[in-house]
Amino acid sequence: MADASVPEGQYWFVGSYYSDREPQDQTERFIAEGIWENGFEDRYFDTVKSMKVGDRIAIKTSYVRKDAGLPFDARGHAVPVMAIWATGTIVANPGDGRRIAVDWTRLPHPREWYLHTGRHTIWKVTPSNWMRESLIRFAFWDGDQDTERFRNDPAWAKRFGDIDPKPEQHFEWAAFYAETATALLAYRDRRDELLAHLAVLQERHEELSFLVDRDRRDNPMPLKDICPFTVMGTFNRGATPAKRTEIAAGWAELLGVQTPAPTSFDGIPLLNNQNSWFFPTAGTRHKDDIDSLWDVFEAALAAADSSEDYGRLRFAEAYSRARDIYRVGTKLTMGLFWIRPWNFVPLDGRSRQYLKTELMLDQDFFAADGIAYVQLLDTLVYKFEDPQFAVHSFPELSWTAYLERDGRGAHTEKAEATEIEDDDDPTPVSPQASYTVRDIVTDGCFVPEQALNGYLARWRSKKNLILQGPPGTGKTWLARRLAYALIGTRDNKSALRATQFHPNSSYEDFVRGWRPGSDGRLTLVDGPFLEMVERANANPDVPHVVLIEEINRGNPVQVFGELLTLIEAGKRSPRESLQLAYPRSGSESVHVPSNLYIIGTMNLADRSLAIMDLAFRRRFAFVSLEPNVNDAWEDWMAKRHNVPASDLELVRTRFEALNDRIAEDPSLGGEFRLGHSFVTPPAEEHVASFHDWFRGVVDTEIVPTLEEYWFDDAAKASAATEALLEGFE
């Protein structure tokens, strides 16, 4: 199975730890009892309900490794690892959101998978890209991981790759910072030693004289306590690189850090020299403030070393408490970035601006609580794995944000007038049943499953697909269901937006234009395409689809405008962004994200439509649909509508003869044949008498169409109708 594509469907990777306070491994019990249980009291119920009988499932554990036993040189960096302990098939789901029955097979030895690992207790994986197909083959078909390909992917190449994709960026400081943070944790209960060493460093470096406490009357007094972020902050303020290196090396002496202190500090956000503490002065702080900062420090290190949810939730809780400390706020994220630069994003002013204007991430991501911050981390990690995304790691994001704003120079956090808005009402997750190619066939598609998988594969690669064919071949019906299969469910209403082109369709309707508001003034209004761009950017791991019916009925080149360039598969990057015809500001530019797909339908039998522009055609893959009155059609009609085989065979013979007559007519041709929709009742329709239903379709749909085809020869239309109805009188 190493080189074959994996079957469409749902694959689950699930954790086996209970309790977010004292996690207990449940692997052996799960295997012995043939179950998997949701150990949380307040989450994942809807997700568990959506698991289907027949889905494949694996028990996994996530952690990091830095030892010499890895299959590649980690170069001192921590390597994300996911161990697979058992695999199985779901055999029952009672729908309570708590427990499923599983036929487990325990692996003789756990198998380790590297780099592309799950970030939740429940990770649903679909074969939507090469990384996920590789993981599915590895877990369920004993495939091997091509670690060379993974470590040289842009998401990991900076740390583990053979070829640095951006050698101008030097993040050599990252290993020192991470090792320093790890060593610093041992001093949580030895803060007097930190303070004593700080006093020594203050004697050596006048720049550290600012670190004195103040009482309620603002009188200076010696520090009696310190937090880990303030320690790290001593060499992350406005100073020369040489001085920062000296101070960092001074702390390394105490902590026993073996990695040399860095001499360059590319991409590190700096504290404002007037605001270099992470806790209030003695006169205003609460007794638990500094302990809360140590709590989030410890929780962050633990969460970075494991992606299991109990650790992530503990971190989120600690983050929320620490961020609310007076004078901390988003400065906390800078400290988190210092201690684990490959795991946390800094939300200093430049990074926030870059996230919003360049990466088009909505400001709701910058909410105050820890859950919102963790969600932002997840969103960015998903985007980093997209080769078309502008940046592929948190250090690269911070470095690029600084370059975008200032050119090469100091990366310093400035005081800002406004705070970030809270987001206390995250959108709840609703149960979403899976939808696959097999479901398309079950719904009444008469195209072979193998061909449908081919359509999806081509669509994923090209990003843009057009279904073309004669009238009645189910183009819109199939387009919508292919969209469901691409998204993975038909329940995610926000991931699909349908529209229809017509001769008057315009750029202003589809992309953005001026519209009169309720006050009579003109306002800029985004059309359906930009709305979907925004949704797709906000949910990077979910495919989003714009479905355009009758795409050739308008003027597609005119309707898409400058976005015609951006919809190309190779241009799905912020670096390819363009300014719109109607920008909201002089600096606004737009790109089309990689997880936004376009599918259109095109009727080949409409004489009024001009030949499609070749530049537009080049952006799309095309699939031609045929009238499918075939064996699959007969089977479905017999099962769904209980139509006798003799009637089905008669209709099939007569209908194929009619289409042959149309195709052979010099004034018409194959594109004017009639599709199977003409002779297929909707799935939900109850057909008491197929004879009566068929005769009604002929009289009200087929005859008018034939009369239009042969408008100058009524005898042809009449003869064709008589031949079609022969045997149904």
Side-chain angles (χ1 to χ4, degrees), residues 12-27 30 36-44 47-48 58-67 77-85 110 112-124 177-179 181-186 188 227-229 291-323 332-333 335-345 367 369-382 384 394 426 429 541:
W12 303 91
F13 292 81
V14 295
S16 58
Y17 282 83
Y18 270 15
S19 172
D20 58 358
R21 291 299 174 192
E22 297 180 2
Q24 301 292 325
D25 187 4
Q26 305 292 315
T27 300
F30 288 167
W36 181 83
E37 282 185 336
N38 176 13
F40 291 94
E41 299 294 335
D42 58 349
R43 63 192 60 237
Y44 293 131
T47 303
V48 175
I59 294 177
K60 55 92 174 175
T61 305
S62 299
Y63 47 91
V64 299
R65 283 181 55 187
K66 293 179 65 175
D67 56 87
H77 296 292
V79 178
V81 181
M82 185 170 71
I84 308 297
W85 296 85
E112 287 191 330
W113 171 267
Y114 306 100
L115 305 180
H116 179 56
T117 60
R119 287 173 285 279
H120 298 281
T121 293
I122 304 177
W123 186 25
K124 182 175 79 169
Y177 275 57
E179 186 179 349
T182 300
L184 191 55
L185 181 60
R188 173 165 187 165
C227 79
F229 300 112
D291 281 333
S292 293
L293 289 164
W294 278 98
D295 286 344
V296 71
F297 176 78
E298 183 174 357
L301 295 181
D305 288 346
S306 171
S307 62
E308 300 298 335
D309 273 329
Y310 63 84
R312 291 156 55 86
L313 292 172
R314 184 181 301 174
F315 164 72
E317 293 172 1
Y319 176 97
S320 296
R321 290 192 300 272
R323 191 196 183 284
L332 178 61
T333 65
L336 293 170
F337 177 67
W338 298 336
I339 67 174
R340 285 294 184 266
W342 301 105
N343 299 93
F344 296 105
V345 62
D369 68 7
I371 292 296
Y373 182 67
V374 169
Q375 289 172 344
L376 173 60
L377 297 176
D378 288 345
T379 296
L380 288 169
V381 169
Y382 281 127
F384 293 160
F394 296 119
V429 178
D541 195 44

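Residue numbers start at 1 and run along the sequence shown. The shown structure was predicted, so the numbers you read here are calculated from the model rather than taken from an experiment.
Aromatic ring centroids of F384 and F394 lie under 6.0 Å apart. Here the two rings, on F344 and Y319, have centers that are 6.0 Å apart or farther.
If you take CG on L336 and CZ on F297, they are separated by 9.5 Å, rounding to the nearest 0.5 Å. Here the straight-line distance linking atom CG of D25 with atom OG1 of T61 works out to 6.0 Å at 0.5 Å rounding. To the nearest 0.5 Å, the span separating CG on N343 from CG on D305 amounts to 7.5 Å.
Side chain of S306 to main chain of S62: a donor-acceptor pair is present (N/O by atom type, distance under 3.5 Å, no hydrogens or angles). Between the side chain of W294 and the main chain of L185, no donor-acceptor pair closer than 3.5 Å is present. The main-chain N or O of D369 is never found under 3.5 Å from a side-chain atom of S320 such that the two would form a donor-acceptor pair.
Contact of the I122 side chain with the W36 side chain is registered, since non-hydrogen atoms from C-beta on lie closer than 4.5 Å. Using a 4.5 Å heavy-atom threshold, the side chains of R43 and L313 count as touching. You'll find the side chain of I339 reaches within 4.5 Å of the side chain of F229, heavy atoms only.
Checked against side-chain hydrogen bond (donor to acceptor under 3.5 Å, both in side chains), Y114 has the following partners two or more places apart in sequence or in another chain: E112. Scanning for ring pair (Phe, Tyr, Trp, His ring centres under 6.0 Å) contacts around W113 gives F138, F150, with sequence neighbours left out.
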### Query
Can you check side chain to side chain contact (heavy atoms under 4.5 Å, CB included) on R323 and Y373, steps first, answer last?
CA-CA 11 Å; R323 191 196 183 284; Y373 182 67; over 6 Å; no
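Taking a 6.0 Å sphere around CH2 of W123, one finds it holds more than 12 heavy atoms contributed by other residues, nucleotides or ligands.
The pair R188-D295 counts as a salt bridge, with a side-chain nitrogen and a carboxylate oxygen less than 4.0 angstrom apart.
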